[in-house]
Amino acid sequence: QNNSLKIGFVQPETGPLAEVASGNAFVLENLRQALAGGLQVDGGQTRNVEIVVRDSQSNSNRASEVAADLILGEEVDIMCAAIHPLTVTPVADQCELNGVPLISSITPWETQFYGRGATDDAPFSYQLHQFWGFGEITNTFIDIWNQLDTNKVVGGLWPNNPDGVGFAQGFTPILEERGFTVIDPGRYQDLTDDFSAIIRMFLENEVEIVTGVVLPPDWTTFWTQAAQQGLSVKAATTAAALAFPGTAEQLGPLAQNHSFDLFWHPSFPFESSVTGQSAADYAAAFEEQTGRQWIQPIGTVHSVFETAIDALKRSGGGDWEATREAMFATNLNTIQGPIVAGSGPVPNAVITPLTGAQWRQSDGPFDFEAVIVSNIAADGVDAGGTVQATA
Amino acid sequence: MDWIATLLQGLLLGGVYALFAIGLSLVFGVMRLVNIAHGDMIVLAGFVSFAVVEVLGLGPILSLAIVLPLFFAFGYVLQLAVLNRTLGDDLLPPMIVTFGLAIVIQNGLLQSFAADSRKLSLGEVETASIALGTDIAVGVYPLIIFATAIVTILALQALFYGTKIGREFRATSDDPEAARLMGINTKRVFAVATGVALVVIGIAGVLMAIRTTFDPLSGPVRLLFAFEAVIIGGLGNIWGTLLGGVTLGLAQAIGGAIDPQFQVMAGHLVFLAILIVRPRGFFPKVAH
Amino acid sequence: MSTIETRGLTAHYGDFQALFGLDVTLRSGETTAIIGANGAGKSTFMKAITGLIKTAPDMIHIDGAPAGGRDAHTIISQGIAMVPEGRRLFPSLSVEENLLIGTHAKRSGPWSLDRVYDVFPVLKERRRLSGTSLSGGQQQMVAIGRALLSNPTTLLCDEISLGLAPVVIEELYRTIAELRSEGLSIVIVEQDVARAVRVADQVYCFMEGRVSLSGAAQDIALEDIRNAYFGI
Amino acid sequence: MTQPSYRIERATRSSTIGLAVLGLGLIGLLLLPLTGDRATMRLIVEIAYFLALAQMWNLLAGYAGLLSVGQHAFIGFGGYMLFALVAHAGFSPIYSLPIAGLLSGLISIPVAILMFRLSGPYFAIGTWVVAEVFKLAFFEVPALGGGSGMSLPLQAVRDIAPSAQGRELIIYISALAIAVASVVAVYALLRSRYGLALTAIRDSERASASVGVDTFRLKLGVFVAVAAFTGMIGALIFLQKLRISPVAAFDVMEWSAAIIFIVVIGGIGRIEGPFVGIAIFFLLRETTSDFGAWYLILLGLLAIAIMLFARQGIWGLIADRYRINVFPVERQVHLDDHRQRQASSTSLTPTSEKH
Amino acid sequence: MTPPLLELRHVCKAFGKVVIADGINLTLNENEGLGIIGPNGAGKSTLFNLITGDLSPNGGDILISGKSVLSQRPHQRCRSGVGRSYQIPHPFGKMSVFENVLTAATFGGAAAMGEAEAMSLEILGVTGLLNDVNTPAGKLTLLKRKRLELARALSTRPRLLLLDEIAGGLTEAEVQALISTIRDIRRSGVSLIWIEHIVHALLATVDRLVVLNGGMFLADGDPHEVMRAPDVQRIYMGVEPA
Ligand SMILES: Nc1ncnc2c1ncn2[C@@H]1O[C@H](COP(=O)(O)OP(=O)(O)OP(=O)(O)O)[C@@H](O)[C@H]1O
Ligand SMILES: Nc1ncnc2c1ncn2[C@@H]1O[C@H](COP(=O)(O)OP(=O)(O)OP(=O)(O)O)[C@@H](O)[C@H]1O
Ligand SMILES: [Mg+2]
Ligand SMILES: [Mg+2]
């Protein structure tokens, strides 16, 4: 058959998560150029590759609908999904039900595995998730905090959303095991207008470290109210809230030395199996084409497609079952690092490198630069500096 | 001590809700109009200010000089061209029209500004605080918002009770037909009232944009709180709206002190409870 | 001074037709009484003239020029004022503010706040009170004063004596007589047929949205009116 | 009394033709699975549940005068009940649909008692707040996934039917059945004596009570029945989506706003209205959804235009212009000659003897 | 002894400071016809609203057939046998005249559908609305609306019929026809309270007349005697004691 191979991709193009996906247009364009001449699959045939993109609108209802549409309407050969459980989980559910292989990323693997009801004995059959998990992020955050002199009292800002619930469950036991005191005020509601109660709890317990997985608006509210109410901490280390230069810029000086999870950086010593670009070249190409500062998802999303293309290449795109088998036999070096199926803690997950970074104000072309200050969970990645306390 | 801090924060939060709600109260009070697009208009003001700051390089406070006249004009035209045609005994048309407007504003903003969240910056003032005693500090900016709410109410009070147009507002709101018989152009009066309401919304929007980040879809959240404040206070009573905002703020602060999970819920539950006890709010406008 | 004339005036409330082609002439400087049973369309007629109910342009003529279909506020500013049925004071306005609202029509003329207070001194004492805290008669005075402050040439009074004590009614009618002597055209809708006919130059009797009887007051016998009114 | 000297007609020619066309359409839809076009089937499932939701809201707002902006409370609640029943009580998903509906009906009783204390705008906003409270409440139920939501156990879904096609077919048939049932139920209700009472309440609540209509109970009944039906549809929706979370389940814009716009654009207070509204909604969505949020903007503008220029909605315009009525609920009385003569003989007491 | 059909015991009602009923007592027996007159705003319609449950009294008790109905809502009182017409007609505007009456017959009159249809047409015949059976009630003229009020009230198969100014605006011929209809209705065993300004219509149909003024009954008794009472003469000539 001579028609094209179809890769479905669901991402939050619009809605509150759109910022995370804002580099994906570049990612897709870059890939399409590289695949313009078609893909030579095993067996010698050259097939066109078509990437069919659907917007989840940051809404899980919509994600489920468009995934079903890609499966039933477009009849894609393999599915890709990325960014936040709101998008990834519904797509994964549809793929599992309909027997379509899926490569997913940018949400901790636990929410995809245990969060969707799999167990060590009963894993999923159609999903390969490549990202880090709570072990990596806790280690990294602890590594950041251990570089500072603190009382080891950590305040947690974990909202009542899929991320917050997962992080709270994942973090607390590990932190306590490692000698930290965790002050967990409970799951607050997203877009809260007032963090006073939480701030007072932190003040009373003399919290010196604040961590959490916070929506950017909530972080801004929290951080300004904390300053107003006299809470000053040595480390503010969050996932999600300030992982993007745009949000750091908006917060201005308050973002200085804010630390966060960084899962891709131009200094990563990896290159793309599709385009051959190194991480640095790739980021440079992004900045040149878009005029914007690089953001971390571009490498990760690129690597999701690398894995998908590799699986199709090896299966020849025959049918979903063949591709699934190829997918679970992946052994590929990507711009995100090596992806070896079966190497992860569970059959459905592969761990990719995670670093900890801090925002530092910069004189360069952009207001802030991300400086890697912890590489404990990132084999082969170099640190660019050491941790500095927040103001 | 602890409770004093909680109550104080609740009070200040109440100021925020009151400021959000005043514009709604005004529209409700004068025209009996349920403006479902209220929250989105607040957000719209934030975006307009944001655009002004970006394009003209003005500070957020200076941007008011452009936002407010623009919003007055917007309100005036909106009422004259659209909303006036929906007024009457039937509750549905104004509700649907403002609901439609809400959708249009939200998605229009999405189209033109994308879904990114934005924030306006006022610098030092945002994080400045005044220490009260040893472990209570109140932020300067929340105080500014509270003061703005009070000043806005006083200004509206002066407008309503000290000017000719204010008299027309009240007369028209009491009995539009009789007002027309007095030679009052009620359509124009309504248009001016909505214009004024949008000026207040403009102020609320810009202050909100400095206080927290906002995105095109953050309107509806604001709407419900504003509604609750207005209804707790009693329709069309501006001081009641302040009280309603403070009630809501206190409920949330106390609920949050008990358990952060309970914070927002506590506000809603207090609202429902008040509705059961006093279905027309604390200070309902006298029936006639 | 103006003559108001309706030609084939019709009016609807939604599906319901309340007036069926009325031809009525309200002559300048005269007092016209309109009588008729409940629901005959008297108030509707007045609402149509004042523009509260939309009509076609040529259904109403003021001094021969078509004037239908205009907004109430333009018609009021042409010198037509109305004392509506049920007084309709503004509850959130004080007595004085209720009166001042009358000046919003921006017509100059003999009537000022002071003059209204001269005519109704009791209102001056209570000018700070809410309009609705007054007695019925006093409220009626406010409603009349309010209308006069727009310095009208034509004054339409809908059931001004309803629910008032006889002394108060006497006083109101004395005021109306004075106004008439100042050259105002006056239209009164009145339940008390005998009284209406006594003060009027011209009488119209409405029934079911139609004129069932009309003529000069002195030519009309109460008997005819009874006939037209009740159809005996 | 004499032999019936009258005849009461309830069908019209347009209704006979219209119903026949709808019946044919339904047969067509039932045949669709034969083509194996699963994407179209999915679309039709979505259309079917929106139609059913719209019929329910139309009954609630257009007939019983209960302008609720919070119907998503019951959509989400029904959805959650499905998940609870399947995941924790081990029920089969298909049987859980009606039970979820039943439970939604039950929960709506206290809601109604609370909300009926409010009127007009208070009621509208009150229902919205209730939906918000529902949402926040489900945030706090860890057994149902709390804020992160939960997936339907895949095994349970596989139990519906072994193959994906089989499941799709069952869901397709259920959706059609719910849509047809909603139309038939509303139509039957409106043609019954309760239809008279509902219309009467809408025209004058006070006078209805004075002629013996228990307005409170009728409104309560409608509210509860609509909530139950809405809950059942919610369960079906989330059965198809496989995953539920508070934010997705209680989304005012996705559910209530869409339903309200569909009804209003099509024509509120007419059974045909939701059909027309649905057609416009999906036409707009399918043709413009590639341009991001444009279809929502167009929908909003359309709703505004309808309210300003044609309150009876698009179907209202068509029906008034061409005098068609597919679902007649009125009663047309035809008198025979004798009665006819009687009618025109005198004005007030045509039959009784004079005294 | 059977209890009276309707009994008001010391009923009080005020709107704010305006006292409408100041301890009113009233007894109406089965098969009795009562007329109520009184100046505008005296509270006559309000009295009806109290009896039907549209309003609740501030004090006192209202009994139907010896049972207090204060806790009953309007529709229950309708089913207990109280039928009423409104002074300002409240037609179900979007429904046809026939359906207006049919609604009353099926709910208030608790008739099965077929029976209700026949009864509705019968009553529409009696009230002279047969020509308008299919007309939307909202399109009727005022007089026909009043007839519809009467027809609807009758269709609830009342034991007690409350009529509020249904003769206003009728021609004398029509008043005569109405009188004879009312007499027929009374003869079928229905008790009647009729508020009317057209006194001769009352005199022709009722057994008793009361005059409501200042929150109290000024007179209660034989219609002709009541009309001759000096107080009533004074009030009925439109002179109101201040
Ligand atoms: N707003 C309205 N909506 C519908 N019908 C109305 C409205 N106002 C008046 N009507 C009807 O129009 C008709 C004429 O009413 P109108 O008020 O003009 O009578 P009127 O002669 O002034 O009677 P009254 O002596 O009771 O004041 C009546 O049948 C009345 O019920
Ligand atoms: N719901 C209400 N709220 C406040 N006041 C009311 C209410 N209903 C009636 N009133 C007032 O009560 C008084 C009596 O009204 P009611 O309608 O009973 O008079 P009535 O005797 O029937 O007069 P009419 O002969 O004009 O019909 C009036 O002053 C009226 O304005
Ligand atoms: Mg009148
Ligand atoms: Mg009355």
Please flag which part of [X] lies under 4.5 Å from any non-hydrogen atom of chain D: side chain, backbone, both or neither.
| X | value |
| --- | --- |
| B:Leu101 | both |
| B:Pro220 | side chain |
| B:Ile96 | both |
| B:Val264 | both |
| B:Leu92 | both |
| B:Phe262 | neither |

Chain B heavy atoms under 4.5 Å from [X]: which part of the residue, side chain, backbone, both or neither?
| X | value |
| --- | --- |
| D:Phe123 | neither |
| D:Leu118 | side chain |
| D:Ile125 | side chain |
| D:Val264 | side chain |

Minimum heavy-atom distance between D:Met115 and B:Leu272, given as atom pair plus value: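 In this case the closest contact between D:Met115 and B:Leu272 is CE-CD2, 3.9 Å.
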Show me, pair by pair, the donor-acceptor contacts under 3.5 angstrom made by side chains of residues 267-284 of chain D, not counting sequence neighbours?
{"from": "D:Glu272", "atom 1": "OE2", "to": "D:Val326", "atom 2": "N", "distance (Å)": "2.8"}
{"from": "D:Glu272", "atom 1": "OE2", "to": "D:Phe327", "atom 2": "N", "distance (Å)": "3.0"}

If you measure from [atom1] on [X] to [atom2] on [Y], what distance do you get to the nearest 0.5 Å?
| X | Y | atom1 | atom2 | answer |
| --- | --- | --- | --- | --- |
| B:Gln111 | D:Ile297 | CD | CD1 | 5.0 Å |
| B:Gln106 | D:Leu296 | CD | CG | 9.0 Å |
| B:Asp90 | D:Arg311 | CG | CZ | 6.0 Å |
| D:Tyr295 | B:Ile103 | OH | CD1 | 9.0 Å |
| D:Arg117 | B:Ile276 | CZ | CD1 | 7.0 Å |
| D:Glu140 | B:Asp259 | CD | CG | 7.0 Å |

ring-ring contact (aromatic ring centres under 6.0 Å, His included) contacts touching residues 222-256 of chain B (sequence neighbours left out):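 Listed by first then second residue: B:Tyr17-B:Phe225, B:Phe28-B:Phe227, B:Phe225-B:His268.
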Most contacts with chain B, counted as non-hydrogen pairs under 4.5 angstrom, among D:Ala257, D:Ala303, D:Ala305: D:Ala257
Close side-chain approach of B:Met95 to D:Val69, heavy-atom, < 4.5 Å: yes
Residues D:Ile304, B:Val82; criterion side-chain contact (heavy atoms from CB on, under 4.5 Å); working and verdict: CA-CA 9 Å; D:Ile304 294 176; B:Val82 179; 4.3 Å; yes
